Amino acid sequence: MTSTTTHASSRRRNRSRSDSQAASRTTERLGLLLAVAICLPLLYTGASLLFAGIASHQASAFLSDWERKGEEPGERAWQIARDAAQRAIDFYPVANGAYQHRLGLIEQWQQFRQPFGEPKTEASRRAALQAFRAAAEARPTWPEHWSALAYAKLYLLEFDAEFHTALRRAHELGPWRIDINRRLAEIGFIAWPQ
């Protein structure tokens, strides 16, 4: 009888060990599944940010080159820069005022030497205006967005309430910023007759 009792006791211990090992394996699998579930969104977001940053850098390089040369870009260069700026916006997971602002600048550069109110420039100047609106909405406390919005309205010769609000907001948010004050003075002198 002791041999049977010992044998049964041994089986119970083995079953208990086997159950605890199965529970341990299940816990490990659940932990691994949880880690994968957490890591996948993080990897996706990280990759999106990486691709947005690369596209943003490409668009910024084009803008720097055009500013250095001081002339309108060729159609192909403009399209590549615009596509890169749009990709940066599309890849970034939330609204990014800096990326929207850059897209607006690229839109303006397409025909920046053309006179104010020129009908053939309407499409690109409206696109720039939309980008600056989005930038001001994403970062409402940045005076650069508001001054760029006012400049876009000037290019379209639209001296409405939005134009005046943009001027006022740029002045309120950046009274100590020389570049903002210079742009506001420039806009003021150009728009003075209106």
Side-chain angles (χ1 to χ4, degrees), residues 43-167 169-170 173-174 177-180 182-184 186-187 190-191:
L43 285 172
Y44 176 78
T45 303
S48 294
L49 291 172
L50 175 67
F51 292 135
I54 291 169
S56 173
H57 179 72
Q58 182 183 16
S60 184
F62 275 99
L63 275 173
S64 296
D65 183 56
W66 300 340
E67 287 170 2
R68 187 177 47 77
K69 290 178 181 175
E71 58 190 44
E72 289 179 5
E75 185 61 34
R76 180 163 163 67
W78 179 83
Q79 190 62 51
I80 291 170
R82 189 194 178 291
D83 290 346
Q86 189 60 55
R87 263 194 326 277
I89 292 167
D90 293 343
F91 277 124
Y92 206 79
V94 295
N96 186 314
Y99 289 177
Q100 290 287 350
H101 190 94
R102 189 170 296 120
L103 176 62
L105 291 175
I106 288 170
E107 292 286 0
Q108 278 184 336
W109 268 94
Q110 184 182 22
Q111 298 164 327
F112 86 101
R113 291 258 187 229
Q114 301 302 313
F116 297 124
E118 180 69 35
K120 70 179 181 180
T121 64
E122 178 90 12
S124 67
R125 290 180 177 172
R126 288 255 169 241
L129 178 63
Q130 285 304 111
F132 292 132
R133 282 178 180 151
E137 187 178 318
R139 284 183 167 171
T141 59
W142 280 48
E144 291 88 355
H145 301 328
W146 292 105
S147 68
L149 178 61
Y151 221 104
K153 296 292 279 185
L154 174 65
Y155 267 118
L156 291 164
L157 296 177
E158 293 180 358
F159 305 106
D160 54 11
E162 184 180 33
F163 173 75
H164 294 291
T165 299
L167 285 175
R169 294 289 292 154
L173 295 169
R177 305 270 306 270
I178 293 172
D179 56 329
I180 297 298
R182 185 180 307 125
R183 285 197 93 181
L184 292 177
E186 184 180 332
I187 292 168
I190 294 168

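Remember, it's a predicted structure, so these values are computed and weren't measured experimentally.
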Look up atom [atom1] in [X] and atom [atom2] in [Y], then write down how far apart they are to the nearest 0.5 Å.
X: Leu103; Y: Asn96; atom1: CG; atom2: CG; answer: 11.5 Å
X: Tyr151; Y: Leu156; atom1: OH; atom2: CG; answer: 13.0 Å
X: Tyr155; Y: Leu129; atom1: OH; atom2: CG; answer: 13.5 Å
X: Ser147; Y: Leu154; atom1: OG; atom2: CG; answer: 12.0 Å
X: Leu157; Y: Ile190; atom1: CG; atom2: CD1; answer: 10.5 Å

- Hey, could you give me each pair passing salt bridge (Lys or Arg N to Asp or Glu O under 4.0 Å) that has a residue in residues 126-149? Not counting sequence neighbours. Glu122-Arg126, Arg126-Glu158, Arg133-Glu162, Glu144-Arg177

Counting neighbours of [atom1] on [X] that are heavy atoms of other residues, nucleotides or ligands and sit closer than 6.0 Å, is the number greater than 12?
X: Phe112; atom1: CZ; value: yes
X: Phe159; atom1: CZ; value: yes
X: His164; atom1: NE2; value: yes
X: Trp142; atom1: CH2; value: no

- Task: For the pair Phe132 and His145, evaluate side-chain contact (heavy atoms from CB on, under 4.5 Å) and give the outcome as yes or no after the intermediate values.
- Result: CA-CA 6 Å; Phe132 292 132; His145 301 328; 5.8 Å; no

Minimum-distance pair of heavy atoms, taken over all atoms of [X] and [Y]:
X: Ala138; Y: Gly97; result: CB-N, 3.6 Å
X: Pro140; Y: Leu173; result: O-CD1, 3.3 Å
X: Gln58; Y: Ala84; result: OE1-CB, 3.4 Å
X: Arg125; Y: Gly117; result: NH1-N, 3.8 Å
X: Ala88; Y: Ala55; result: N-CB, 3.7 Å
X: Ala59; Y: Arg102; result: CB-CD, 3.8 Å

- Have Gln114 and Thr121 got a donor and an acceptor in their side chains that come within less than 3.5 Å?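 Side-chain D/A pair, Gln114 to Thr121: absent.
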
- Task: Given side-chain contact (heavy atoms from CB on, under 4.5 Å), test Ile187 with Lys153 step by step and report yes or no.
- Result: CA-CA 10 Å; Ile187 292 168; Lys153 296 292 279 185; over 6 Å; no

- Message: Using side-chain contact (heavy atoms from CB on, under 4.5 Å), reason through Ile106 and Phe62 one step at a time and then give a plain yes or no.
- Response: CA-CA 9 Å; Ile106 288 170; Phe62 275 99; 5.8 Å; no

Side-chain heavy-atom pair [X], [Y] within 4.5 angstrom cut-off:
X: Leu105; Y: Trp66; result: no
X: Asp83; Y: Gln79; result: yes
X: Glu75; Y: Gln110; result: yes

- Message: Check the orientation of Tyr99 and Tyr92. Use parallel for under 30°, tilted for 30 to 60°, and perpendicular for over 60°.
- Response: perpendicular

- Verify, without hydrogens or angle tests, whether Thr165 (side chain) and Ala161 (backbone) share a donor-acceptor contact under 3.5 angstrom. yes

- Is a side-chain N or O of Glu72 found less than 3.5 angstrom from the main chain of Arg113, in a donor-acceptor match? yes

- Message: Run the salt bridge (charged side-chain N to carboxylate O under 4.0 Å, His left out) test against Arg169 and tell me which residues pass, sequence neighbours left out.
- Response: Glu172

- Task: Return the set of residues passing salt bridge (charged side-chain N to carboxylate O under 4.0 Å, His left out) with Lys120 (not counting sequence neighbours), or none when no residue passes.
- Result: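 Lys120 satisfies salt bridge (charged side-chain N to carboxylate O under 4.0 Å, His left out) with no residue once adjacent residues are dropped.
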
- Message: Can you tell whether the side chains of Arg87 and Asp90 come within less than 4.0 Å, N to carboxylate O?
- Response: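 Answer for the salt bridge query: no.
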
- Stepwise side-chain contact (heavy atoms from CB on, under 4.5 Å) test for Trp146 and Leu167: CA-CA 7 Å; Trp146 292 105; Leu167 285 175; over 6 Å; no

- Stepwise, does the salt bridge (Lys or Arg N to Asp or Glu O under 4.0 Å) test hold for Arg182 with Asp179? CA-CA 5 Å; Arg182 185 180 307 125; Asp179 56 329; over 6 Å; no

